[in-house]
Amino acid sequence: MHVPDGFLDAPTSIATGVVAAAGVGLALRKARTELDDRTAPMAGLVAAFVFAGQMINFPVGAGTSGHLLGGALAAVLVGPWTAMLCISVVLLVQGLFMADGGLTALGTNITLMAIVGVVVGYGVFRLALGVLPRRPGSVPLAAAAGALVSVPAAASVFSLLFAIGGTADIAPAKVLTAMVGWHLVIGIGEAVITGLVVSAVIASRPDLVRGARGYAGRRSHLQSEGVGA
Amino acid sequence: MRNRRFLLAGLLVALLVAGVGSYYASSHPDGLEYVAGKTGFIDSQDEPVDTGSPFADYSTKGVDDERLSGGLAGVAGVLLTLVIGGGLFWVLRRRDGSAGDVAPAEPPVPADAD
């Protein structure tokens, strides 16, 4: 969903730049509560893993593909504030080094994937966790639910931005329908990857999954081991 | 699995996904590109700015072999993300050993509490 330069006009790109700067600024302060000697390296790994995951485009039919956005995944693993920073770093590396996503569109991409993706993905994760039975197996399911909703949510916000400041004269409803339709399908892929990765990490190191706190059985034993490592 | 081993295993997976797996990824346009093409605003995009990076478009300048070129760019991207992200998180981390509700490993420094 990387928006290139030119899709949105300058005022809209400046506005999303301000939103992105405010979001990242807040995340920089709040992430501190989620990061310590043990979780900071894990957060770096999560950012690197999301970069790798975003390279794997999976086909979704009719000559279209999608790839992981990673907002819900990162939020469940390392907490929402740190997740915003993880996705922002990924987008920065992609924009600066890979020519993926425009530079004037960096604020737009951070807004869509690092802010909307994380806020919606994590919000739905918490809601789903509250509804599902209280056992470890519910965590990957709730993470998948968050992931599923986060993708069409980001696509909807792009469509809204396009309606406000798109440089091409296209009916906004047409863009919204197509964007949400395709990204619902891509969201299924996002949900599957997120659910599988979260359950794999829970299987080996439940204490490193921030969203699984209070859910994983062998938590205290593994935590004392983790602190000593 | 101890911390260091878990982190190394995770990094190895990320490097394999980006360095090897990415070759097998779908080359179809992604959802946004596809919609832009279908609804007719794909031409409103500008050429990407040349930042002088040797890894533009996930290929490595001067490496002709497609598999190697893409794989190297993927590995470079993972390592750049790890260094920038990991460095940022290491600087931001709390030094009293407590993140949220984890029991502190050492007594928290009172001046550090916020």
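- With a 4.5 Å cut-off on non-hydrogen atoms, A:F58 touches chain B through its backbone but not through its side chain.
- The two residues A:D37 and B:W90 make their nearest non-hydrogen contact at O-CZ3, 3.6 Å.
- The greatest number of non-hydrogen atom pairs below 4.5 Å with chain A, out of B:V91, B:L80, B:V83, is found for B:L80.
- Interface remark: of the candidates A:I186, A:L85, A:V46, A:L85 forms the most heavy-atom pairs closer than 4.5 Å to chain B.
- For chain B, the option among A:V78, A:T64, A:V93 with the highest count of heavy-atom pairs below 4.5 Å is A:T64.
- Remark: A:L91 CG to B:T81 OG1 distance equals 10.0 Å, nearest 0.5 Å.
- Note: B:E33 CD to A:F7 CZ = 7.5 Å, rounded to the nearest 0.5 Å.
- Here the shortest heavy-atom pairing between A:N57 and B:A25 reads N-CB, 3.4 Å.
- No part of A:A105 comes within reach of chain B, as not one of its non-hydrogen atoms sits under 4.5 angstrom from that chain.
- Between atom CD1 of residue A:I170 and atom NZ of residue B:K38 there is a gap of 13.5 Å, rounded to the nearest 0.5 Å.
- Rounding to the nearest 0.5 angstrom, the gap separating the CZ atom in B:R93 from the CD atom in A:E34 is 16.0 Å.
- When each of A:A168, A:A99, A:C86 is scored by its heavy-atom pairs under 4.5 Å with chain B, the top score falls to A:A99.
- Rounding to the nearest 0.5 Å gives a distance of 9.5 Å between CZ of A:F162 and CG of B:L32.
- Side-chain atoms of A:T167 and B:F41, non-hydrogen and from C-beta on, never get closer than 4.5 Å to each other.
- The choice from B:D30, B:L11, B:V75, B:L79 that makes the most heavy-atom pairs within less than 4.5 Å of chain A is B:D30.
- Proximity to chain A is limited to the side chain of B:L88, based on heavy atoms less than 4.5 angstrom apart.
- B:L82 places none of its side-chain heavy atoms less than 4.5 Å from the side chain of A:F51.
- Contacts between A:L208 and chain B at a heavy-atom distance below 4.5 Å involve the side chain alone, from C-beta outward.
- The candidate from B:G86, B:S22, B:P29, B:A18 with the greatest count of non-hydrogen atom pairs under 4.5 Å with chain A is B:P29.
- Remark: A:D169 CG is loosely packed, at most 12 non-hydrogen atoms of other residues, nucleotides or ligands lying under 6.0 Å away.
- A 4.5 Å side-chain heavy-atom check between B:F89 and A:M42 finds every atom pair outside the cut-off.
- Contact check for B:D57 versus A:M98: no side-chain heavy atoms found under the 4.5 Å cut-off.
- In terms of heavy atoms, B:R94 sits closest to A:R32 at CG-O, 2.9 Å.
- No other option in B:P48, B:S26, B:S53 has as many heavy-atom pairs under 4.5 Å with chain A as B:S26.
- The CG atom of B:L92 sits 8.0 Å away from atom OG1 of A:T82, with the distance rounded to the nearest 0.5 Å.
- If you measure heavy-atom distances from A:L103 to chain B, the contacts under 4.5 Å come from the side chain alone.
- Neither the backbone nor the side chain of A:V185 comes within contact range of chain B; no heavy atoms are under 4.5 Å apart.
- For the pair A:P41 and B:N3, the minimum side-chain heavy-atom distance is 4.5 Å or more.
- Contact tally against chain A (heavy-atom pairs below 4.5 Å) for B:S44, B:P54, B:G52: the top residue is B:S44.
- Listed options A:A40, A:G102, A:S65, A:S88 were ranked by heavy-atom pairs under 4.5 angstrom with chain B; first place goes to A:S65.
- Proximity to chain B involves both the backbone and the side chain of A:L45, based on heavy atoms less than 4.5 angstrom apart.
- Summarising the geometry of A:A178 relative to B:T39, their closest heavy-atom pair is CB-CG2, 4.4 Å, with the distance given to 0.1 Å.
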(request) Apply side chain to side chain contact (heavy atoms under 4.5 Å, CB included) to B:Y58 and A:D100, showing your working. (result) CA-CA 8 Å; B:Y58 298 92; A:D100 188 15; 2.6 Å; yes

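- By number of non-hydrogen pairs under 4.5 angstrom with chain A, the leading residue of B:I84, B:V35, B:L16, B:V13 is B:V35.
- Considering only heavy-atom pairs separated by less than 4.5 Å from chain B, the leading option among A:L96, A:V50, A:V90 is A:L96.
- Between chain B and the options A:G44, A:G181, A:A47, A:A31, the largest number of non-hydrogen pairs under 4.5 Å is found for A:G44.
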